[in-house]
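Structure first, then comments.
One-based numbering along the sequence shown. Being a predicted model, the structure only gives us computed values, none of them experimental. For ligands, and for the atoms within them, numbers begin at 1 and follow the listed sequence. Side-chain atoms are counted along with the backbone in the values below, which use heavy atoms only and exclude waters and symmetry mates.
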Amino acid sequence: MEEIIPGSIIVTGASGSMGKAASMALAAKGHPVIMACRNPEKAQSVKEEILSKVPQASLHLMQLDLASMQSIREFAAAFKGARLSGLLNNAGTMPPRYSLTEDGLEQTVAVNYAGPYLLTRLLLDSFAPDAGIVNVISLTARYARIDRGLFEKGPRDFHQLRTYATSKLALMLFSIELAKRTPLHVNMSDPGIVNSNMIDLGRWFDPLADALFKPFCKRPEQGIAPAISALESPQTMKLFKRNSCLDVPARFLDNPLAGYLWEETARRTGL
Ligand SMILES: NC(=O)c1ccc[n+]([C@@H]2O[C@H](COP(=O)([O-])OP(=O)(O)OC[C@H]3O[C@@H](n4cnc5c(N)ncnc54)[C@H](OP(=O)(O)O)[C@@H]3O)[C@@H](O)[C@H]2O)c1
């Protein structure tokens, strides 16, 4: 195992649309990047593509499956004593059907919320004092509902977009709670609607709507730009969107479920 370069920034889902754009942008700014990816083969070709455009990039590939608590624990263990500059929780999923992970959690909630929660908390001692943590949320969280039964939902409660939105709301509440509990900079970024693998043909919209709609979506580099600003920002508990750093609306800041979710998710992830 190679030494982790001090000042490295971890990007999860670095092989995806916005993850690749984030890794490229950070590397071009001179940050060493840890590309945390589920599929090492796909990630290797993305790494090569970035190196062809940014030859001076310092990129280190590591395997991470956010649907597996064991994978998360093995990944985090490699960072003992590291002085990381940042963590970009970018990986995300919106599966069309209900399924459970090996740990018995619904896939969307596991990958978009419980996994990043566990990863971030396991890494907390591995950051430099001025490090930034950025969680990629979604505008869908604004319309989401969440309750104490987050981890109890069965196949009949599953709806692709609603479950996704709830997972992103949970990630928002975690970000806020974490920002209250740590001196690190913890922020959220909202990419808007981005032309990426996630909104690929037939997965979200029907093909005709997709063909008409996609040209109006942002490019991945545009979608991830607020997250790059957030990573380098001295602010905390803010929402980065387009070119702005915004206060988080009070209804999220004061959500009475945040404390409960913090404790319950710790229990469910074995912390
Ligand atoms: N696209 C949008 O309009 C939009 C809007 C708001 C928020 N977002 C959020 O932006 C983030 C990036 O999404 P994107 O649009 O760039 O989509 P994407 O191209 O589908 O990228 C998603 C990334 O997450 C990774 N991933 C999925 N499941 C994983 C798992 N179990 N363990 C580790 N990594 C996993 C994927 O890995 P593989 O490469 O192996 O598939 C991929 O690298 C997500 O959090 C998404 O929810 C997207």
Taking distance alone, with no angle check, do [X] and ligand 1 share an N/O pair under 3.5 Å?
X      : result
Gly92  : yes
Val136 : no
Ser138 : no
Pro191 : no
Ala14  : no

Heavy-atom distance to atom 21 (O) of ligand 1: which of Gly16, Pro116, Ser196, Ala43 wins?
Gly16
Is the shortest distance from a heavy atom of Lys218 to ligand 1 less than 4.0 Å?
no
Below 4.0 Å from ligand 1: does a non-hydrogen atom of Ile224 turn up there or not?
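It does not; every heavy atom stays at 4.0 Å or beyond.
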Check step by step if side chain to side chain contact (heavy atoms under 4.5 Å, CB included) holds for Trp262 and Leu178.
CA-CA 9 Å; Trp262 177 278; Leu178 182 64; 3.9 Å; yes
Donor-acceptor contact below 3.5 Å, side chain Thr120 vs main chain Pro116:
yes
Under 4.0 Å to a heavy atom of [X] - the qualifying atoms of ligand 1, by number:
X      : result
Lys42  : 38 (P), 39 (O), 41 (O)
Ala67  : 31 (N)
Leu64  : 32 (N), 33 (C)
Ile193 : 3 (O)
Lys168 : 44 (C), 45 (O), 46 (C), 47 (O)
Ile137 : 6 (C), 7 (C)
Asn90  : 11 (C), 12 (C), 44 (C), 45 (O)
Asp65  : 30 (C), 31 (N), 32 (N)

With a heavy-atom distance limit of 4.0 Å, tell me whether Asn197 approaches ligand 1 through its side chain, its backbone, both, or neither.
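It is both backbone and side chain that touch ligand 1.
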Which label fits Tyr113 and Phe174: parallel for a plane angle under 30°, tilted from 30 to 60°, or perpendicular past 60°?
perpendicular
Looking only at side chains, do Ser71 and Asp65 share a donor and an acceptor under 3.5 Å apart?
no
Taking atom types as modelled, find out whether Glu106 and Thr108 have a side-chain donor-acceptor pair closer than 3.5 angstrom.
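Present: a donor and an acceptor within the cut-off.
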Just do the salt bridge (charged side-chain N to carboxylate O under 4.0 Å, His left out) check on Glu263 and Arg148 with the steps written out, would you?
CA-CA 11 Å; Glu263 298 301 336; Arg148 286 178 174 244; over 6 Å; no
Are more than 12 heavy atoms, taken from residues, nucleotides or ligands other than [X], located less than 6.0 Å from that residue's [atom1] atom?
X      : atom1 : value
Lys20  : NZ    : no
Asn243 : CG    : no
Arg242 : CZ    : no

Would you tabulate the side-chain donor-acceptor contacts of residues 22-38 under 3.5 Å, counting partners in other chains and residues two or more places apart, or write 'none'?
residue	atom	partner	partner atom	Å
Ser23	OG	Gly19	O	2.8
Lys29	NZ	Glu232	OE1	3.1
His31	NE2	Glu232	OE2	3.0

Which residues pass the side chain to side chain contact (heavy atoms under 4.5 Å, CB included) test with Asn39, sequence neighbours left out?
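For Asn39, the residues satisfying side chain to side chain contact (heavy atoms under 4.5 Å, CB included) (neighbours in sequence not counted) are Glu41, Lys42.
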